[in-house]
Number of protein chains: 2
Amino acid sequence: MEITTLKDIANELGISVATVSKALKDYPDVNKETKKKVLYMANKLNYTPNQLAVNLRTKQTKTIGVIIPTTVHHFFSNVIDGIIAEAEKKGYLVIILQSDEKLFLEKLHVNLLIDKRVDGILMSLSNKTNEFVHLKKIISRKIPLVLFDKVEPSIACSKVRIDDKKAAYQAVCHLIKKGYRRIAHFRGDLNPKISNDRFEGYKEALLDHDISYDPSLVYVCNNNKDFEDGYLNAQKLIKEHSNIDSIFAITDLVAVGIIKYFNEKGIKIPNDIAVVGFSNWFMSSVVTPTLTTIDQPAYEIGKTATEILLQEIELTHLEQPIKHKEIILPTHLILRESS
Amino acid sequence: MEITTLKDIANELGISVATVSKALKDYPDVNKETKKKVLYMANKLNYTPNQLAVNLRTKQTKTIGVIIPTTVHHFFSNVIDGIIAEAEKKGYLVIILQSDEKLFLEKLHVNLLIDKRVDGILMSLSNKTNEFVHLKKIISRKIPLVLFDKVEPSIACSKVRIDDKKAAYQAVCHLIKKGYRRIAHFRGDLNPKISNDRFEGYKEALLDHDISYDPSLVYVCNNNKDFEDGYLNAQKLIKEHSNIDSIFAITDLVAVGIIKYFNEKGIKIPNDIAVVGFSNWFMSSVVTPTLTTIDQPAYEIGKTATEILLQEIELTHLEQPIKHKEIILPTHLILRESS
DNA sequence: GAAAAAATCGAAAACGATTTCGAAACTTCT
DNA sequence: AGAAGTTTCGAAATCGTTTTCGATTTTTTC
C-alpha cells in the first residue's frame with residue numbers, strides 16, 4: 001500500500017468516502033461511534049490528506065509567494081525571517097523567488113505565482129521596475145498583494161515601509177549637530193524611490209540648517225556592488241574635495257567600503273571625516289571604527305507585511321471588502337564611533 | 001468571467017475539453033486548423049493552466065522543499081541563492097522552512113512538506129537533530145532527499161558537503177607553518193558533525209607537527225550567538241592562558257568577536273595573537289584586520305544539491321533506480337592580515 | 001402505534017486538468 | 001463502390017477531497 005486515501009479508510013470500514021471525510025472534519029451529522037472508528041483507522045493507516053486535492057477543491061493553497069531582489073542581503077534575509085516566522089505561525093508556506101533586480105524576472109515570477117494559485121503575494125520591487133502592469137494583473141485577479149520596502153505609491157494595495165526621507169534627515173541632522181558642515185552624500189541608483197527619498201532627506205536637512213546644497217558632493221553608487229562603490233567613490237571624493245568633513249552613505253555596505261579606504265589611507269574616522277551609514281547591518285557593529293547608522297526594522301517589516309497579507313487573504317475568502325493600509329515603521333539612529 | 005479554464009475555451013469553440021487539452025499540448029491526433037483556433041482562443045482568453053489541477057492529475061508539483069536552521073546567516077542565504085537559482089532554471093519552485101535549530105520544528109516541517117506533496121526535499125540538519133525517523137519517513141515515501149552541509153552519514157540519500165576535517169587541518173597547518181605553536185581552538189556545539197570534524201582536524205594538525213594537544217585550550221561556543229561567544233571566550237582565554245599565540249575559530253563570526261575584544265584591549269593581531277576563521281563571510285574581508293579564513297562554497301553547495309535532487313526527481317518519475325552520490329566540494333584557505 | 005422530528009449516512013457533483021480508447025469521418029486503394 | 005487505412009474527435013475515467021441534498025433509519029411525542 002502506497003499512500004492512504006479517504007477511500008482506503010472507507011473500504012476498510014465498509015462505509016462511504018463522504019462519511020469518512022465528514023468524520024475527520026468533525027461534522028455534526030456523523031455518529032460518535034463511527035467517528036471513533038474512522039479516527040482510529042485513519043491513525044492506523046497513517047492517513048494525511050492529499051493537499052493537492054484539498055487545494056483544488058477549496059481553491060486555497062495556504063501558500064504565499066514572495067518576490068524580492070535578492071536573498072543574499074542582510075536586510076532581506078531578516079525580512080524573510082520575519083515573513084516565514086509569521087506565515088508558519090498561521091499555517092502558511094512561503095515560496096521565495098528572486099528578481100535579481102531585473103524587471104523581466106519580476107514579471108515572470110508574478111506569472112508563476114499566479115499560475116501556482118498562491119493565496120497572496122509579498123513583493124519588494126526591483127530597482128529597475130518602472131512599469132506596473134504585472135502588479136495590476138495580480139490585483140485584477142483578486143490576489144491580495146502587499147508591497148514592502150521598495151513600494152510603488154500608485155498601486156492600490158497595502159504597503160509596509162519606513163520613512164526613508166525622515167530617517168535620512170535625522171542622520172544628516174545628527175552630523176550637523178555634531179558640528180560637521182561639509183557633508184557629502186553617497187546616494188543610490190536614480191530610479192528607486194528609497195534612493196531618492198534618502199537624497200531628499202539629505203537635502204532638506206542641509207536646507208533647514210542653512211547649509212547650501214552642493215551637487216558636486218553627491219556621488220552615485222549604482223554598480224550593485226555597494227562595497228566597491230563606497231571604496232571607489234571615497235577615493236574619488238578625496239581627490240576632488242579635500243575639505244570634506246563627513247559622509248552620509250545610503251547603505252552600511254557603502255559606508256564600510258568608505259571606512260576600508262580611509263583606514264588604508266590613514267584617514268582618521270571620525271576626526272578627519274565622519275561616516276554615517278543606513279540599515280544597521282550586523283557588520284556595522286563590528287567594523288573598526290563601529291559605524292553610526294540608521295536601524296531599519298527588517299524583521300518587523302517582514303512580519304507586519306505578512307500579518308496584513310494574511311488578514312487580507314482571510315477577508316477575501318470571506319468575500320468581505322478590504323481597506324488597504326500603509327504602515328510606516330519607525331527607524332532609529334544608532335550612535336557609534338564613526339561620528 | 002473570472003479565470004479561464006479549458007472548458008471556457010471548449011465552449012467558445014464548440015469543441016470538447018479533451019481536444020482543447022490535447023491541442024494545447026500539441027498532441028498529434030488533432031487537426032492543425034483546430035490547433036490554431038484553440039491556440040488563438042487560449043491566447044485571447046488569457047488562459048493559463050490551473051496548476052492545482054495539473055498537480056493533482058500528474059502527481060507532480062514542480063516544487064521542492066528546503067529545511068534549514070535559519071535564513072539569517074551568510075552561509076545559508078548563499079546556499080538559498082544557489083538553490084533558488086538552480087531550481088528556477090529548471091522550472092521548479094522553492095518552499096523554505098526554518099528549523100531554528102529545533103528538532104521538533106524540523107519534524108513538523110518534514111510532515112508539512114510531505115503533505116504538500118513536494119517533489120523533493122533539501123535539508124541541512126539542525127544542531128539538535130539526534131534521531132532520524134523523520135528522514136526515514138521521507139525516504140520510505142519515495143521522496144528524493146538530499147542532505148547538505150549538516151549531513152547524517154547513516155541515512156541512505158545523496159549528500160553534498162565540504163570536508164570539514166581537512167579544511168580545519170589546513171587552517172591549523174597554516175598557523176603552524178607561520179610559526180605559531182600555542183594554538184587555541186574555539187569550537188562549536190558538541191553534537192553537530194561539522195563541529196566535531198573541525199575539532200578533529202585541529203587535533204590532527206597538532207599531532208602531525210608534534211605539538212601536544214591541550215584540552216584546556218579548547219573553548220566551546222554554543223550560545224547560538226557566535227559573535228558574543230567569540231568575544232566572551234576571548235576574554236576568558238586571555239585570563240586563563242597568557243601564553244597563547246593564535247586561535248582557530250570554528251566560524252568567522254566567532255573570529256570577529258575575538259577580533260573585537262582584542263582590538264578593544266589593544267592586543268595586536270597577528271603580532272600578539274593570530275586569528276583564523278572559517279566560512280569566508282563577506283564581513284571577514286572588511287574587518288580590521290582582515291581575517292584569514294576558509295572559503296566555503298555556499299552557493300555551489302546549494303546549486304549542486306539542487307542539481308542532484310532534480311536529477312533524482314526525474315529518475316524517480318521515470319521509475320528508474322537512483323544511485324546516491326556524496327559530493328565533497330573543495331574549500332580554500334584565504335590568507336589575510338590576521339595571520 | 002402512528003406521525004413527526006432527529007440522527008445518520010451515502011450518492012453524486014464539483015474542482016480543472018490529463019489520457020485512454022472507441023467511434024466517426026475522411027482518404028486511399030483496388 | 002466497397003474495403004482498408006488514416007485522421008480527427010470526444011465520452012468518460014481519473015486524481016483525492018469537499019459538500020450538498022435526499023434517503024433511510026432511529027428516536028421522540030401524543
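Chain letters run A, B, ... following the sequence lines, proteins first, then strands; residues in each count from 1.
Among pairs with a residue in residues 107-144 of chain A, none fulfils ring pair (Phe, Tyr, Trp, His ring centres under 6.0 Å), at least two apart in sequence or across chains.
Across the protein-nucleic acid pair, Glu33(B) atom CD and dC26(C) atom P stand 15 Å apart, rounded to whole Å. Atom pair Lys25(A):NZ and dT8(C):C1' shows a separation of 19 Å (rounding to whole Å applied). Summarising the geometry, the separation between CD on Gln60(B) and P on dT18(C) is reported as 12 Å, rounded to the nearest angstrom. Distance NZ (Lys36(A)) to C1' (dT8(C)): 17 Å, rounded to an integer number of Å. Put simply, NZ on Lys62(B) is 18 Å from P on dA17(C), counting in whole angstrom units. Atom CG in Asp8(B) sits roughly 13 Å away from atom C1' in dA17(C) (whole-Å rounding). Rounded to an integer number of Å, the gap from CG of Leu13(B) to C1' of dC9(D) is 14 Å.
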Give the table of side-chain donor-acceptor pairs shorter than 3.5 Å for residues 9-19 of chain B, with sequence neighbours excluded, one pair per line with atom names and distance.
{"unit_1": "Ser16(B)", "atom_1": "OG", "unit_2": "Ala18(B)", "atom_2": "N", "d": "3.4"}
{"unit_1": "Ser16(B)", "atom_1": "OG", "unit_2": "Thr19(B)", "atom_2": "N", "d": "3.2"}
{"unit_1": "Ser16(B)", "atom_1": "OG", "unit_2": "Thr19(B)", "atom_2": "OG1", "d": "3.0"}

May I have the list of side-chain donor-acceptor pairs in residues 70-78 of chain B shorter than 3.5 Å, sequence neighbours left out?
{"unit_1": "Thr70(B)", "atom_1": "OG1", "unit_2": "Val72(B)", "atom_2": "N", "d": "3.0"}
{"unit_1": "His73(B)", "atom_1": "ND1", "unit_2": "Phe75(B)", "atom_2": "N", "d": "3.2"}
{"unit_1": "His74(B)", "atom_1": "NE2", "unit_2": "Asn78(B)", "atom_2": "ND2", "d": "3.4"}
{"unit_1": "His74(B)", "atom_1": "NE2", "unit_2": "Phe282(B)", "atom_2": "N", "d": "3.4"}
{"unit_1": "Ser77(B)", "atom_1": "OG", "unit_2": "His73(B)", "atom_2": "O", "d": "3.1"}
{"unit_1": "Ser77(B)", "atom_1": "OG", "unit_2": "His74(B)", "atom_2": "O", "d": "3.2"}
{"unit_1": "Asn78(B)", "atom_1": "ND2", "unit_2": "His74(B)", "atom_2": "O", "d": "2.9"}

Which pairs would a plain distance check flag for residues 142-150 of chain B, meaning a side-chain donor or acceptor within less than 3.5 Å of a matching protein atom at least two apart in sequence or in another chain?
{"unit_1": "Lys150(B)", "atom_1": "NZ", "unit_2": "Asn127(B)", "atom_2": "OD1", "d": "3.3"}

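End-to-end axis angle of the helix from dG1(C)-dC30(D) to dT30(C)-dA1(D), using five pairs per end and rounding to 10°, comes to 60°.
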Checklist entry - How would nucleotides 9-16 of chain C be written as a contact map, 5' to 3', with B for base contact, S for sugar-phosphate-only contact and - for no contact, using protein heavy atoms under 4.0 Å? => result BBBBBBBB

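Annotation: Lys90(A), atom NZ; neighbour count of heavy atoms from other residues, nucleotides and ligands within 6.0 Å is above 12.
The existence of a salt bridge linking Lys89(B) and Glu86(B) is confirmed by a sub-4.0 Å separation between a basic side-chain nitrogen and an acidic carboxylate oxygen.
Closest approach of Val66(A) and Ile68(A) over heavy atoms only: CG1-CG2, 3.9 Å.
Considering only heavy atoms from C-beta on, Ile83(B) comes within 4.5 Å of Val79(B) through its side chain.
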